[in-house]
Amino acid sequence: MGLVMLALLLWALGWAANAALANGPARGTAAARLAVPLIFGATLLGMWELVVRGLEVPLVILPAPSVIAETFAARTGTLWEDFVQTFLKGALSGYAIGCVAAFAVAIVADRFDFLRRGLLPVGNFMAALPIVGTAPILVMWFGFDWESKAAVVVVMVFFPMLVNTVAGLADTGAMQRDLMRTYGASYLQTLVKLRLPAAMPFVFNGLKISTTLALIGAIVAEFFGSPIRGVGFRISTSVGQLALDMVWAEIAVAALAGTLFYGAIAAIEKRVTFWHPSHRS
Amino acid sequence: MTPVVSAHALDLTFQTTDGAVHALKDVSLDIGAGEFVSFIGPSGCGKTTFLRCVAGLETPTGGTLAVNGMSADAARRARAYGYVFQAAGLYPWRTIGGNIRLPLEIMGFSEDEKARRVRETLELVDLAGFEKKYPWQLSGGMQQRASIARALSFDAGILLMDEPFGALDEIVRDRLNEELLALWARTGKTMLFVTHSIPEAVYLSTKIVVMSPRPGRISDVIESPLPKERPLDIRDSREFIEIAHRVREGLRAGMEAA
Amino acid sequence: MTPVVSAHALDLTFQTTDGAVHALKDVSLDIGAGEFVSFIGPSGCGKTTFLRCVAGLETPTGGTLAVNGMSADAARRARAYGYVFQAAGLYPWRTIGGNIRLPLEIMGFSEDEKARRVRETLELVDLAGFEKKYPWQLSGGMQQRASIARALSFDAGILLMDEPFGALDEIVRDRLNEELLALWARTGKTMLFVTHSIPEAVYLSTKIVVMSPRPGRISDVIESPLPKERPLDIRDSREFIEIAHRVREGLRAGMEAA
Amino acid sequence: QDMDEVVLQLKWVTQAQFAGYYVAEDQGFYEDENLDVTIKPGGPDIAPEQVIAGGGADVIVTWMAAGLAARERGVPLVNIAQPFATGGLQLTCLKETGVESPEDFPGRTLGVWFFGNEYPFYAWMAQLGIDTDGADEDGVTVLKQAFNVDPLLQGQADCISTMTYNEYGQILDAGYTEEELVNFNYLEEGVGMLEDGLYVLEEDLEDEAFRDRMERFVRASMKGWKWAEENPEEAAQIVVDNDMTGAQTLDHQVYMMGEVAKLTEGSDGSLDEADYRQTVETLLSAISEENPAITEEPEGAWTHDITDEALGGES
Amino acid sequence: MTRAAPIAAQGAGVGRSGRVALRAKGMAHTLLPVMTVLAAILALWYLACIPMNAGQSVLTAARADVAVSPESASDRRGMSGLALALRNPGVAVAGAYGQDRARLPAPHQVAAELWAGTVGEPVSSNRSLIWHGWVTMSATLLGFVFGTALGVLLAIGIVHSRVMDMSVMPWAIVSQTVPIIAIAPMIIVVLYSVGIQGIVPKAVISAYLSFFPVVVGMVTGLRSPGSMQLDLLATYGASRLQVLTKLRLPASMPYLFASLKIGIAASLIGAIVGELPTGASAGLGARLLAGSYYGQTEQIWAALFAAAILAALSVGLLGALERALLGRMGMR
Ligand SMILES: Nc1ncnc2c1ncn2[C@@H]1O[C@H](COP(=O)(O)OP(=O)(O)OP(=O)(O)O)[C@@H](O)[C@H]1O
Ligand SMILES: Nc1ncnc2c1ncn2[C@@H]1O[C@H](COP(=O)(O)OP(=O)(O)OP(=O)(O)O)[C@@H](O)[C@H]1O
Ligand SMILES: Cc1ncc(C[n+]2csc(CCO)c2C)c(N)n1
Ligand SMILES: [Mg+2]
Ligand SMILES: [Mg+2]
């Protein structure tokens with residue numbers, strides 16, 4: 001019980017520190033912007049540790065962060081192997097294929113209005129589907145190795161990417177388009193000089209949504225058959241072995257990979273769409 | 001001398017979901033080379049629509065229209081005019097220089113030629129030194145000047161301007177008006193200029209076209225007796241006030257008739 | 001009689017990421033009850049900032065300011081004024097009546113009282129019968145009238161208006177100017193009115209405050225000799241043109257000094 | 001008076017593999033013992049050991065390897081009854097791939113169930129001296145097989161794990177004949193491990209009332225099993241009625257009941273000590289990173305107390 | 001971090017196309033192209049059945065002593081479906097559309113399965129897709145309500161407190177990069193082990209997936225009133241609560257609906273994912289899994305389509321609600 005009280009105290013302390021930082025003189029600085037969420041995260045971890053210890057939660061239900069960290073450090077080799085299998089081979093290749101394919105189809109659809117009008121509602125519909133459900137089918141079709149994971153990812157990212165890109169290509173002001181007409185510009189010139197740059201914010205929105213979808217897709221697919229490595233494989237196997245510390249270490253890997261992936265795309269976005277109001281400082 | 005723009009009994013009706021809108025009715029007008037023509041009238045009287053017809057961006061449903069002796073569409077493809085929109089409408093992902101270079105790229109000018117023209121037009125609109133800046137780093141007035149530079153860069157004989165200074169404040173506007181007059185004097189281009197402001201129309205034009213709405217039509221055409229040389233305080237002169245009064249009366253009459 | 005607004009050596013500096021902006025410098029001004037004061041000046045000269053200081057929406061960094069004999073913030077909480085913004089800014093999810101009722105709800109008027117005041121102010125701005133309409137069902141001019149009604153509904157003694165007609169076209173603007181004068185004559189409120197338009201300022205005011213930028217300051221205060229009764233074509237009169245000229249000169253001088 | 005409550009957590013979805021419990025419930029055998037039994041079906045990601053550790057069940061059905069592994073990880077499970085006398089786990093290969101005996105394994109792809117079911121497989125490979133990295137010609141490529149037979153039918157694996165009572169039947173259903181298939185039964189290969197047994201937490205057994213409840217539970221359950229063995233059709237129907245997914249077909253459950261009956265046939269419910277020893281020895285013989293089931297001889301992992309009490313009066 | 005346009009971009013589209021369909025003119029404008037695209041998809045599907053199912057077709061034929069090439073089963077192993085279909089065109093076409101556990105069931109087989117599962121079964125039957133759909137949907141809706149409430153509350157907190165804005169928002173983003181599927185079994189088991197089972201664990205996962213779009217959308221929405229509109233209330237001396245109720249909440253409604261449409265789709269995914277670990281219970285996810293266990297591909301496809309229809313219906317319903325409410329609020 002004492003430890004649980006300590007957890008509450010920790011929460012109060014963390015919050016007070018953040019309140020001081022966020023409202024204090026340093027509020028605008030990059031350091032504060034970084035420190036506040038870090039303190040918040042550290043507070044949560046600390047509370048987790050204290051509560052697990054305080055209530056003596058069994059290891060097989062929820063391990064403490066310190067135990068997870070230990071496992072993480074001890075099994076980096078395995079974790080890396082799983083990361084390569086699930087993230088680099090499955091998610092990333094599927095992500096690349098899916099996004100490029102959707103982008104190409106979007107450009108074709110944009111060229112032929114009939115196709116766009118037909119494809120967009122269908123694409124919108126598909127984007128709302130629980131496509132995770134296709135995982136067992138695709139594993140049956142494409143085998144158990146990373147190809148089937150990539151296939152699931154392709155299907156998952158394709159439609160959000162398509163819908164966003166098509167919307168982006170259409171997101172030019174009438175005036176901007178008229179301007180090109182006053183120059184007597186060709187279709188290709190309008191596409192390259194106006195529509196593609198104007199579509200970039202939407203394209204990147206699609207790319208960002210797709211990052212999380214890619215990770216989910218690759219991991220889900222591993223539940224339906226996989227080689228004996230991979231994040232999803234390790235998680236399900238470790239649960240079966242009651243090695244919950246390993247499970248959480250894998251979850252940490254996935255969250256870390258996902259955050260970095262998202263962050264990388266967001267960083268590229270910032271450079272490419274520097275001109276968009278939401279990115280101007 | 002054949003007119004640069006020659007409209008005869010022009011008619012344009014938009015079909016919309018809630019009925020037809022008669023945007024232009026029986027509009028006839030000749031504009032000679034080197035004229036500065038202003039179009040003024042209340043909102044919705046068809047000023048923009050007329051300009052867009054001249055630019056070949058809209059197809060009239062009746063009447064005839066010739067630009068430089070050819071159809072408006074052919075004139076558009078022959079790059080007969082530069083068009084300046086109400087808002088500057090610069091592409092935010094291009095620098096000021098890049099924006100001015102845009103039409104030159106599309107029209108396939110050589111690298112040297114592009115560089116030269118960008119430099120020259122930037123000087124013309126007094127923006128030398130801002131080539132590398134992005135549009136949003138400039139004030140509204142400067143953006144509008146850049147968009148004029150963009151329309152000037154490929155040196156078309158006609159300049160179509162749709163309320164180019166509508167979004168600017170009076171003082172900036174005054175200065176741009178002065179500069180525009182000087183530019184017109186220097187280049188001898190034919191100007192078609194849409195505005196809401198009576199003083200602006202009177203100050204700039206050799207000919208003022210007063211329009212009225214529902215249906216959009218020309219209610220008056222006023223030839224200005226003002227000299228070509230116009231200092232800003234010509235606006236406090238008797239003649240100026242008289243023309244302004246006549247324009248205001250024309251506007252009011254058009255409103256009441258509608 | 002003590003002045004309604006009394007500013008002495010007012011100073012305001014904004015701290016921004018790229019340096020300090022001196023928005024108001026050494027601004028001193030007294031405004032008596034029932035005056036109609038216009039503020040004119042180029043963009044960025046601090047007109048809005050001054051009005052916001054009076055409204056207690058901005059805190060001066062120096063000098064003293066009294067509104068109705070108390071601090072601006074106290075006056076705000078005492079609901080001493082109505083504020084009309086540049087755009088009508090009606091809430092689109094409320095009817096015209098609902099928009100006018102908004103301040104009354106917040107100030108906790110009784111149901112009866114609310115209904116009565118909504119009715120009365122709607123009549124005052126000539127919008128009776130439009131209570132149930134939504135803002136987007138009205139023209140721009142009517143929307144602006146509704147926003148004036150909203151500022152009038154709780155009957156504060158002061159009306160602060162920041163370019164209320166900036167977005168309207170000239171003809172509508174003329175009419176609203178006339179109506180505003182009539183309203184002022186009827187209610188005897190103290191008016192602080194920001195504008196960009198010289199004719200508008202001259203037409204409306206008993207006192208014109210000319211401001212100039214960088215740093216924002218008062219460069220001239222002109223008392224208008226025009227009679228209280230002002231038909232629209234007073235604007236073509238000699239006196240009117242003279243005052244307008246003086247205002248323009250003041251503006252130009254301010255620009256050049258900066 | 002009030003009936004005593006018992007929560008039973010199964011290791012897998014509702015199917016004839018657990019017919020005895022459903023029958024006991026359906027035929028009122030539990031009620032006769034004044035028990036109110038809740039049967040919780042499991043699933044691919046539900047570890048019964050975890051559920052009982054969290055207090056979500058009183059008694060669970062699990063495989064002994066998993067039960068012992070959990071015991072080493074701080075969930076002190078004790079086997080109180082063993083209705084399955086033998087096991088149904090096997091590796092099934094297609095003859096057309098050329099696999100006839102374990103010597104043919106190297107270079108092949110083998111489907112294995114994980115989630116705590118991989119222990120016997122690794123023990124076997126260790127015994128055969130076959131590498132499981134799949135890296136070279138001497139080793140096998142291991143595939144984490146989903147709980148279906150697709151990898152075999154789609155040609156993605158040369159051999160897959162099957163249960164005699166379920167997946168094997170599905171392969172037959174898919175059109176293959178017994179002659180076209182080769183089966184390696186883990187028991188016959190000497191690496192068999194006890195399958196579905198009943199396990200409870202050690203500390204619970206110290207409670208007299210709990211023991212009494214378990215005695216009645218085991219007695220009624222065994223009665224259910226024997227009834228199911230004798231009435232396979234009806235038992236299958238009871239299972240189908242209890243299946244919430246509506247996906248089970250009666251045909252398949254009748255087949256399964258028939259096969260399951262072969263596994264429960266020899267058992268009166270009490271654990272055979274020799275079988276227990278074999279399980280433990282196999283597990284201890286092949287300790288590795290992939291196969292960390294247990295690292296030392298378990299103590300007190302089973303008891304005959306319950307079955308002795310439960311079945312003493314009857315037999 | 002996230003803009004308003006993107007919110008409308010994802011998922012919201014179903015509502016958008018629904019709106020188009022309402023207008024008679026838009027109907028002809030959209031219907032024909034959509035029908036064409038759907039017809040093309042169907043045609044491709046039928047075509048794909050031939051090579052996809054060729055392996056089984058040829059095997060069955062071989063067993064019936066029809067001559068096939070290559071003759072021996074071991075030679076056929078490892079051949080692609082396309083190669084098999086090309087070498088045995090007659091057999092492949094004949095066998096493509098009637099298989100029991102087809103690799104790719106034909107559209108009419110799926111349709112028949114859907115029909116049998118909906119019209120062909122009493123709603124109370126555990127074989128009824130309507131019943132399973134309802135099981136999934138009830139978890140979806142519960143989770144959706146939890147998630148939306150949590151999202152709105154968080155957004156209100158974030159808009160009003162700098163501390164929350166700076167500390168919670170980044171973690172809300174990180175939370176979405178955690179693959180829910182990895183935690184789903186643990187949420188299920190942990191809640192299961194403390195005696196909570198059935199709808200609530202699934203709803204928790206649904207809520208986890210749906211709160212994020214709501215937070216993002218509502219933060220944007222609550223911040224959407226311009227400074228002028230806020231200043232207006234300041235001139236009335238309004239309290240923070242009054243600002244919230246009279247301005248921020250009404251102004252955020254369009255954003256809320258855009259988020260809700262994404263949120264409900266995410267909720268449905270959550271409910272289905274939540275049904276996967278407990279394969280034995282009811283629901284479309286369980287159907288999906290059970291189909292996979294017993295090789296019933298038609299059943300998988302039917303469950304998939306049922307889920308798709310549910311997604312479309314709920315997004316369409318929200319769209320209708322949006323039009324009605326925002327229409328009444330004069331915002332459309
Ligand atoms: N693409 C269009 N479709 C339908 N109606 C249109 C279209 N463009 C313009 N109109 C209508 O035609 C009429 C004339 O419009 P136009 O834009 O030419 O007016 P304007 O004189 O330029 O007005 P403003 O001063 O507001 O710019 C208006 O009633 C307008 O609503
Ligand atoms: N909140 C603020 N933060 C920083 N600078 C500000 C802020 N508000 C105004 N300023 C700056 O203060 C100066 C005066 O602004 P103000 O809005 O009062 O001008 P104005 O006379 O109303 O101009 P306009 O005619 O364009 O409305 C400008 O340079 C402006 O950029
Ligand atoms: C969680 C869990 N997964 C798989 C098995 C092994 N098993 C026993 S029967 C069967 C197939 C279905 O009949 C399988 C896979 C298990 N015991 N527990
Ligand atoms: Mg116009
Ligand atoms: Mg201002």
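Because only heavy atoms are used, hydrogens play no part in the values below, and waters and symmetry mates are left out as well, while side chains stay in. Throughout, protein chains are lettered first and strands after them, A, B, ... in sequence-line order, and every chain is numbered starting at 1.
Ranking A:D145, A:V60, A:L244 against chain D, the residue ahead of the rest is A:V60, based on heavy-atom pairs under 4.5 Å.
In summary, the aromatic rings of A:F261 and A:F87 are positioned with their centroids under 6.0 Å apart. Taking the six-membered ring wherever Trp is involved, the centroid distance between the rings of D:W124 and D:F121 does not fall below 6.0 Å.
A salt bridge is absent between A:D82 and A:R229; no separation between the charged side-chain nitrogens and carboxylate oxygens falls under 4.0 Å.
For D:A69, no part lies near chain A; criterion is any non-hydrogen pair under 4.5 Å. Only the side chain of D:A47 comes within contact range of chain A, judged by heavy atoms closer than 4.5 Å. Contact of A:V139 with chain D is made through the backbone alone, with heavy-atom distances under 4.5 Å. Proximity to chain D (any heavy atom under 4.5 Å) is shown, for A:I235, by neither the backbone nor the side chain.
Summarising the geometry, atom CD belonging to D:Q17 is positioned 4.5 Å from atom CG belonging to D:D196; distances are rounded to the nearest 0.5 Å.
Smallest separation of non-hydrogen atoms from A:M161 and A:G206: SD-C, 3.9 Å.
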